[in-house]
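Since the model is a prediction, treat every value here as computed from it, not as a measurement. Naming: A, B, ... by sequence-line order, numbering from 1 per chain.
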4 protein chains.
Amino acid sequence: MATSGERRTWRRRAQARPDEILSAALDAFIASGFDAATMDDIARRAGVTKGALYLYFESKEQMLRALIDREVRPLIARVEALSVMETDDPAALIKQALLLVTGALADPRLFALPRLIIALSGRFPDVVNGYRDDVVGPARAAIGRLVMRGQALGQFRAVDPVAAARAIIGPMMFEIMWAHVLHGESDLGRSAGWIEAQVDVLIKGLEPRGAQS
Amino acid sequence: MATSGERRTWRRRAQARPDEILSAALDAFIASGFDAATMDDIARRAGVTKGALYLYFESKEQMLRALIDREVRPLIARVEALSVMETDDPAALIKQALLLVTGALADPRLFALPRLIIALSGRFPDVVNGYRDDVVGPARAAIGRLVMRGQALGQFRAVDPVAAARAIIGPMMFEIMWAHVLHGESDLGRSAGWIEAQVDVLIKGLEPRGAQS
Amino acid sequence: MATSGERRTWRRRAQARPDEILSAALDAFIASGFDAATMDDIARRAGVTKGALYLYFESKEQMLRALIDREVRPLIARVEALSVMETDDPAALIKQALLLVTGALADPRLFALPRLIIALSGRFPDVVNGYRDDVVGPARAAIGRLVMRGQALGQFRAVDPVAAARAIIGPMMFEIMWAHVLHGESDLGRSAGWIEAQVDVLIKGLEPRGAQS
Amino acid sequence: MATSGERRTWRRRAQARPDEILSAALDAFIASGFDAATMDDIARRAGVTKGALYLYFESKEQMLRALIDREVRPLIARVEALSVMETDDPAALIKQALLLVTGALADPRLFALPRLIIALSGRFPDVVNGYRDDVVGPARAAIGRLVMRGQALGQFRAVDPVAAARAIIGPMMFEIMWAHVLHGESDLGRSAGWIEAQVDVLIKGLEPRGAQS
DNA sequence: TATGAATGAGCGTTCATTCAT
DNA sequence: TATGAATGAACGCTCATTCAT
């Protein structure tokens, strides 16, 4: 007797649940940290009861893992896509990739995840390992690929590409993190300009010495 | 029954108690994070009972605050001392200061504090504010002073000194943090060499363009 | 779309459902006890969903009641059948009846029911009452009838037939129960031989004193 | 400033707590079974809060173990004491031991423990193993010792002593258990007379055939 | 100054039961 | 007849904090 429309509504709801719950969990983790966030709080934010959470996730920790996956994978995928594009101006792609990442991490909701990783490292080793293998490693590799391309084109000096990637990504990340931590969630704008300038400087640092002004 | 010698020992211990407790708290926070560390665990590590903790500290949160104070002030004081020394080689002092800080933070017990700050920012705003005003600010100012000295001596280019300080400190800190987070407490040595080299590069970046090789 | 063959299959399954569910419930109760067995577990074992359980049974408790009914009635019926057979060797029938019961209860699936009764007595008085009236009473009466027959034939001494039945059944039951409880489900064989010998001894105990070797 | 009297009061209370809690636990287990009894219920019966329970016991299961120990050890100790007494009438000691045990188990609070063992066997193997090794085994051995003494004196036939012990204890236990289970906690008196008579019969069964009337 | 028994609120998780479909 | 999402009340257990001693 149920129309297919009604059925679809219900189904859609059920299928959207995990996503809604993860968003609620993210909010709760941002507000209270992983330990202090309660399943009740997450449930309330998601508009379901506590029990319903366990229909979709086995535990709070697994929810964290799923959350990292959901939030971070698309970003790293875009960076990887950038890194395999054909180009004769890899410096531009590097800048694009860095601004993509820094722009995304300027959002407190996205930045919350590295922050959680930092806070929980040492206690949930596989969360950290997953992050290292699925996020940090690929990101370094992607930037490293672009550096190699620049080297092949004679635009960059012959340095270890992955080390160079680390040297470029690190300062950016730290600045963003510190801006979030020290200023709260407000005036990231002030850093944003600084960041774009820094990106230019860092990339220029890869050029052959003679090419520098 | 107590000889004055015994009494003195006892006094000394009693006066050392808050310190012993803070050390125990630090160990506990490192092992479990702020939320997951229990007062029982801290008491056990300090060799006292749970109740005794409250003789010296009002609450777990206050203990955290006292801990940050105790751990971080001496380090920043040494950096400030460096920054006001008379010298005609400020680059050497900058390097010394950076290696002082990075060396100290390589110790997981000291690194734990920035990690706690990062993890708890947003929940304890005044903890963060205190850290910004008493640690981050002074550190940037100190390095900035040395940069200015180098500019006055014509050894460095004319850039904003505090911005330069940020650009030097940031990459160091991030690399240390990531080493702690991703590798656990083990192979910081691998990064250590990298760090010293990076310090040289970063300082050289301050020199006038013509001076570069 | 459904052929009548398919329909019949479906009908048959639908009608077999309550039975399948009860079997699943028995397995679950054996594995975990009544309280610790979950409806989910029962449903999984029955190959249906949790909700479907409530189509056939009002509650977990009612399921227990139905289960006891189903499992225990056929066995007691066979004992009763034995007890009303015409015979001039009632001792043989008693032995047959006892071995029937002990043999059946050697199966953990059947023994589970007395175990459940024992465990739950005091909480579900009517379960116990039902068991007493429908199982224990009839069993004692049946054996008692055979004892009376033996007395009528002059083969047994003049003792209270039901008391004699109790004295015969009790040791058997206890030995089986203890074998299950103490050894787990493994070496009931060791007791089995012992049991047959005991049955002989117990029955012989009913014979007139002079008849004993 | 505390008088030693006050102190003693407080101490006495604290030292009596585990016992009070175990009694409360026993009541709760009797009323609801192990699974259905809640820690809250136990705490309420003991007059403390739930948390206080965990000052003395690690878990509900450990409480069960401690309870078995407390309730059952003294009884078995008394049986063992009986079994090593010098005597030239071991039959009398066997009867005394059996009446000791059956008399004790007539108390529903004591009988509750074997009942719990039966209910939980298969799920808490070490609870069961402990019971087998510390209770059932020693009890059989003790009765067996008395049987051997009777055999040495020529008063009993040459049968396996431990098997004889099993054959004597089993029927008693079963009758008690069934009385508890079927009649609830009320009219054990009716069985008590039956039991004493049975004990006589069972012991007489050990005598040489010729000695029987 | 120090103890340690005790509290009480709360946590992550479970589960018998319900009900729209 | 059957599903499976959802509930809501508990449950075993924990812990920061208090306080009589």
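Comparing Gly47(B) and Gly51(A) along DNA chain E, the residue whose closest nucleotide (by nearest heavy atom) sits nearer the 5' end is Gly47(B). Of the residues near DNA chain F, Ala52(C) and Ala52(D), the one whose nearest nucleotide (by heavy atom distance) lies more toward the 5' end is Ala52(C).
For Leu55(D), the side-chain atoms get nearest to dT7(E) when compared with the rest of dC13(F), dA6(F), dT7(E). Proximity note for Tyr56(C) (side chain, C-beta onward) versus dT13(E), dT1(F), dT3(E): the nearest is dT1(F). When distances run from any side-chain atom of Tyr54(C) to the nucleotides dG4(E), dT18(E), dT3(F), the shortest one goes to dT18(E). Taking only side-chain atoms of Lys60(B), from C-beta outward, the nucleotide of dT1(E), dA16(F), dT1(F) with the closest atom is dA16(F).
Put simply, CG on Leu53(B) is 13 Å from P on dT18(F), counting in whole angstrom units. Counting to the nearest Å, the P atom of dA5(E) and the CD1 atom of Ile21(D) are 11 Å from each other. One can place NZ of Lys50(D) at 8 Å from P of dC11(F), the figure rounded to the nearest angstrom. If you measure from atom CZ of Arg44(C) to atom C1' of dT3(F), you get 16 Å, rounded to the nearest angstrom. When rounded to the nearest whole Å, the span between CZ of Phe57(A) and P of dG12(E) equals 15 Å.
The stretch residues 33-43 of chain D touches DNA chain F through Ala37(D), Thr38(D), Met39(D), each having a heavy atom under 4.0 angstrom from the strand.
No side-chain donor-acceptor contact under 3.5 Å links Ser32(A) to the backbone of Phe29(A). A donor-acceptor contact shorter than 3.5 Å is absent between the side chain of Lys60(D) and the backbone of Thr38(D). Between the side chain of Arg70(B) and the backbone N or O of Asp19(B) there is at least one donor-acceptor pair closer than 3.5 Å.
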Worksheet item: What's the verdict on salt bridge (charged side-chain N to carboxylate O under 4.0 Å, His left out) for Asp41(A) and Arg45(A), showing C-alpha distance, side-chain angles and the deciding distance?
Response: CA-CA 6 Å; Asp41(A) 183 21; Arg45(A) 288 173 194 264; 3.2 Å; yes

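With a cut-off of 3.5 Å on both pairing distances, the Watson-Crick and G-U wobble pairs of DNA chain F assemble into stems of 3 or more at E:2-21 with F:2-21.
Between Phe34(B) and Phe124(B), the gap from one ring centroid to the other is short of 6.0 Å.
For residues 22-34 of chain A, the pairs satisfying salt bridge (charged side-chain N to carboxylate O under 4.0 Å, His left out) are Asp27(A)-Arg109(A), with sequence neighbours left out. Applying the salt bridge (charged side-chain N to carboxylate O under 4.0 Å, His left out) test to every pair with at least one member in residues 46-59 of chain C, sequence neighbours left out, gives these pairs: Asp40(C)-Lys50(C).
Annotation: salt bridge (Lys or Arg N to Asp or Glu O under 4.0 Å) contacts of Asp35(A) (sequence neighbours excluded): Arg123(A). Taking Ala52(A) as the reference, Val48(A), Thr49(A), Leu55(A) meet the side chain to side chain contact (heavy atoms under 4.5 Å, CB included) condition, with sequence neighbours excluded.
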